[in-house]
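This structure is a prediction, so every number in the text was calculated from the model and none was measured.
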Amino acid sequence: MRSLRRPPRRVATQWLAGLDAALAQGDIDAALNLFGKECYWRDLVTFTWNIVTLEGRDAVRAMLNANLEATKPSSWQLEGEAKAVDGVVEAWFTFETQHARGNGLVRLRDGKAWTFLTAMKELKGHEEKRGPTRRKGVEHGIHANHRTWKEQRAADEAELGYSRQPYVLVIGGGQGGIGLAARLKQLDVPTLVVDRHARPGDAWRKRYKSLCLHDPVWYDHMPYLPFPDTWPVFAPKDKIGDWLEMYTRVMELDYWSSSEVVAASWDDAAREWTVKIKHAGGEVTVKPRHVVLATGMSGIPNIPDFPGKERFKGTQCHSSEHASGAAWAGKKAVVIGSNNSAHDICADLWEHGADVTMVQRSSTNVVRSETLMELGMGDLYSERALANGITTEKADMIFASIPYRVLGDLHISLYERVKERDHAFYEKLKASGFMLDFGADESGLFMKYLRRGSGYYIDVGACELVMDGRIKLRSGVGIREITENGVLLDDGTELPADLIVYATGYGSMNGWAARIMSQEMADRVGKCWGLGSDTPKDPGPWEGELRNMWKPTQQEGLWFHGGNLHQSRCYSHYLALQLKARMEKVPTNVYGVPAVHHLQ
């Protein structure tokens, strides 16, 4: 612990100076000597033109051997004050490469790097025009044929996709698609967003009536336009829909609503896409260089093919199609599933007077919203965090600096505190027959989300209805078949139903690639999401990053963008920089594109 006898600032400054000198001299052995035996270098685009976590010195060596010469890093400088936390020195820093400026966060144990984050902030010569360099917005003087801002916007909208081709086509106009389009707009990348709904925000408006965000406002801001200080902690779906519609207009995005991509193919020779879009009563063909599937982290709705479905006399739908429980007062409803949507829909049906039964076929991780906000998010995303100087941008970087291998261990400790705090709640929930888990390794909700995107519920009240029997529960059973009048369980019990809701999740995002492009192309890029943790629904081998998300894939020009609002905000920045670099023909020596191990 000799390093902690020196001031943290001196420890961090000397470490950065040593790294600067070693990398400038191309002395990889000297650079490696600055890393501990257990070390993690997470790079967001700067060294690898990829999103990669390098685990261990051998992995760091391999990357530097491949990319150090082309990267030419320099000017490593401490940013702000370093601090010591539990024997670990934490320090923010800035640096440059041949083509970019970056920043990051290092954690030093005994003077050597334990975790090391490098993140691209901007491309040299292609910076966003903000602050002192912002656009003037008007051309003073008297000019013939002068166009107002409104006239110029109308002309741009009339051209893009017709006489002028987009460089990037974003398929999906939800929060992810428009957040990315806003970033690309500020980088002067011609971008067209297409969405099948009539208005921006309709993907939210058309969900079930009671839907609200389960994540708090501090976690959910959009790029450039954060929610106002008066925004509610948990926003209702229609309020989110209205915000997204406003955002699309204010950020001047080129957005085709009521439009559907019917086919897309890649031309290897021309290195461009041919995309056919149903739009404005006809079919338009566009030829972008890049296509981004921004259809959310989920793919096509997963509807189990239970025997007998076709003979059911009532109404059956996927949870994505459920609008409201208002029509089901006095009727019997069965909801198959036990995660977020299942709980929300069961509560909605109960509130409207339906006799509702939840069928839980496998265990679910549950965490109370209040507990998650205080213990899980409070240090980074809360009023408390803001008071401590943790802005949204800083919180995003802190979160990004924790390697996924380390994050799981941290969350095991977190969920020990969760279980202790809410012990009585969990005992009552289990006594109701509910099958509860905390993940395969007890690491809880967020790791389940990263690994499989399912298997959890953030409790905002529905658990109380389950515990006292107002929402009936059948757990630990399977579905034998769907009958004319209900659901037959594998224990021989039949649940009568007027309505069956399949809250059974979604497939991998590459399902959209199969539908729009081809199955061969979907298989080429492989499964999206998951870390390769070798836990249920996340088969190995370990990859250390989310499969295919926000980074180059095995198909040139095809990218995937999705996740919750926090991930969409954070990683849209790095995806936009990768696309801008390609448009400007900046050399992008991509390192570490993983092999495809799983197709779905």
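Under a 3.5 Å cut-off, the side chain of N388 and the backbone N or O of I390 do not form any donor-acceptor pair. For H423 (side chain) and V418 (main-chain N/O), no donor-acceptor pair under 3.5 Å exists by modelled atom type. A distance-only check finds no donor-acceptor pair linking the side chain of N485 to the backbone of P496 [under 3.5 Å]. Checked by atom type and distance alone, the side chain of S475 pairs as donor or acceptor with a backbone atom of G433 at under 3.5 Å. Remark: side-chain polar atoms of H221 are paired, donor with acceptor, to backbone N or O of F227 under 3.5 angstrom. Between the side chain of N103 and the backbone N or O of K121, no donor-acceptor pair lies under 3.5 Å. Judged by distance alone, with hydrogens and angles left aside, the side-chain atoms of R9 form a donor-acceptor pair with the main-chain N or O of G80 at under 3.5 Å. Within the 3.5 Å criterion, the main-chain N or O of N302 finds a donor-acceptor partner in the side chain of T504. Checked by atom type and distance alone, the side chain of N339 never pairs as donor or acceptor with a backbone atom of A342 at under 3.5 Å. A donor-acceptor pair under 3.5 Å links the side-chain atoms of H318 to the main chain of S320, judged by distance alone.
Between K112 and D110, none of the side-chain N atoms (NZ, or NE/NH1/NH2) sits under 4.0 Å from a carboxylate O, so this pair counts as no salt bridge. R205 has a carboxylate O that lies under 4.0 Å from a charged side-chain N of D242, or vice versa, which qualifies the two as a salt bridge. The pair K551-E545 does not count as a salt bridge, with every side-chain nitrogen at least 4.0 angstrom from each carboxylate oxygen. The pair R451-D441 meets the salt-bridge criterion, with a side-chain N (NZ, NE, NH1 or NH2) lying under 4.0 Å from an Asp/Glu carboxylate O. Remark: D355 engages K332 in a salt bridge, criterion side-chain N to carboxylate O under 4.0 Å. Of the charged side-chain nitrogens involved, at least one lies within less than 4.0 Å of a carboxylate oxygen, so that K428 and E464 count as a salt-bridged pair. Salt bridge K448/D437: present, at least one basic N to carboxylate O contact under 4.0 Å. The residues E321 and K206 are annotated as not salt-bridged, no charged nitrogen and carboxylate oxygen being separated by less than 4.0 angstrom.
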Notebook entry, point to check: Can you list the steps and then say if E420 with R417 is a salt bridge (Lys or Arg N to Asp or Glu O under 4.0 Å)?
Noted result: CA-CA 5 Å; E420 181 179 357; R417 296 163 59 203; over 6 Å; no
Notebook entry, point to check: Stepwise, does the ring-ring contact (aromatic ring centres under 6.0 Å, His included) test hold for F434 with H343?
Noted result: CA-CA 12 Å; F434 192 88; H343 278 85; 5.7 Å; yes
Next item on the list: Test salt bridge (Lys or Arg N to Asp or Glu O under 4.0 Å) on R480 and D491 and set out the steps.
Entry: CA-CA 8 Å; R480 181 181 299 174; D491 65 0; over 6 Å; no
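Side chain to side chain, D344 and Y208 meet the donor-acceptor criterion of an N or O pair below 3.5 Å. Judged by distance alone, the side chains of Y381 and D396 do bring a donor and an acceptor atom under 3.5 Å apart. For T483 and E494, the side-chain atoms include at least one donor-acceptor pair closer than 3.5 Å. Between the side chains of T371 and D422, a donor-acceptor pair is found at a separation under 3.5 Å. Under 3.5 Å, the side chains of D348 and H352 contain a donor-acceptor pair of N or O atoms. For the residue pair D538 / S533, a side-chain donor-acceptor distance below 3.5 Å is found, with atom types taken as modelled. Between the side chains of D43 and T118, a donor-acceptor pair is found at a separation under 3.5 Å.
Remark: D58 CG is loosely packed, at most 12 non-hydrogen atoms of other residues, nucleotides or ligands lying under 6.0 Å away. With a 6.0 Å radius and a threshold of 12 heavy atoms from other residues, nucleotides or ligands, D229 has its CG atom at or below the threshold.
Using a 30° and 60° split on the angle between ring planes, F35 and W41 fall in the parallel class, below 30°. Relative ring orientation between W550 and Y571 is described as parallel, the plane-to-plane angle staying below 30° on a 0-90° scale split at 30° and 60°. Ring planes of F446 and H411: tilted class, angle from 30 to 60°.
Side-chain atoms of M222 and S568, non-hydrogen and from C-beta on, never get closer than 4.5 Å to each other. Within the 4.5 Å cutoff, the side chain of W542 has no heavy atoms near those of the D534 side chain. Here the side chains of C570 and M397 are not in contact, with every heavy-atom distance at 4.5 Å or above. Considering only heavy atoms from C-beta on, T115 stays 4.5 Å or farther from V88 through its side chain. Using a 4.5 Å heavy-atom cutoff, the side chains of I479 and R361 are in contact. Counting heavy atoms from C-beta on, the side chains of Q360 and L473 come closer than 4.5 Å. Using a 4.5 Å heavy-atom cutoff, the side chains of V366 and F425 are in contact. Residues I458 and D215 form a side-chain contact, since some pair of their non-hydrogen atoms from C-beta on lies under 4.5 Å apart.
Figure legend: K309 and Y502 shown as a cation-pi pair, the cationic atom lying under 6.0 angstrom from the six-membered ring centre and within 45 degrees of its axis. Annotation: cation-pi pair R183/Y574 absent, no NZ/CZ under 6.0 Å from the ring centroid and within 45° of its normal. Under the 6.0 Å distance and 45° angle rule, R547 does not count as a cation-pi partner of W529. A cation-pi contact links K419 to F438, judged by a cut-off of 6.0 Å to the six-membered ring centre and 45° from its axis. W231 carries K239 over the face of its six-membered ring, with the cationic atom under 6.0 Å from the centre and within 45° of the normal.
For the side chain to side chain donor-acceptor pair (under 3.5 Å) test with Q175, the passing option among W243, Y247, W204 is W204; the others fail. Checked options E383, H566, R384; the residue passing with W218 is E383 (criterion: side-chain contact (heavy atoms from CB on, under 4.5 Å)).
In this structure, F116 has its ring center under 6.0 Å from that of W15.
L44 approaches A400 most closely through the heavy-atom pair CD1-CB, 4.3 Å. The heavy-atom pair separating A91 from L78 by the smallest distance is CB-CD1, 3.6 Å. In this structure, I51 and T48 approach most closely via the heavy-atom pair N-OG1, 4.4 Å. Contact record, S432 with L429: OG-O, 2.5 Å, taken as the closest heavy-atom pair. Contact record, L105 with S401: CD2-OG, 3.4 Å, taken as the closest heavy-atom pair.
M447 contributes atom CE, which lies 5.5 Å from atom CG of L531 (distance to the nearest 0.5 angstrom). The line from CD of E90 to CD of E81 is 14.0 Å long, rounded to the nearest 0.5 Å. Atom CD of residue E351 and atom OG of residue S324 lie 10.0 Å apart, to the nearest 0.5 angstrom.
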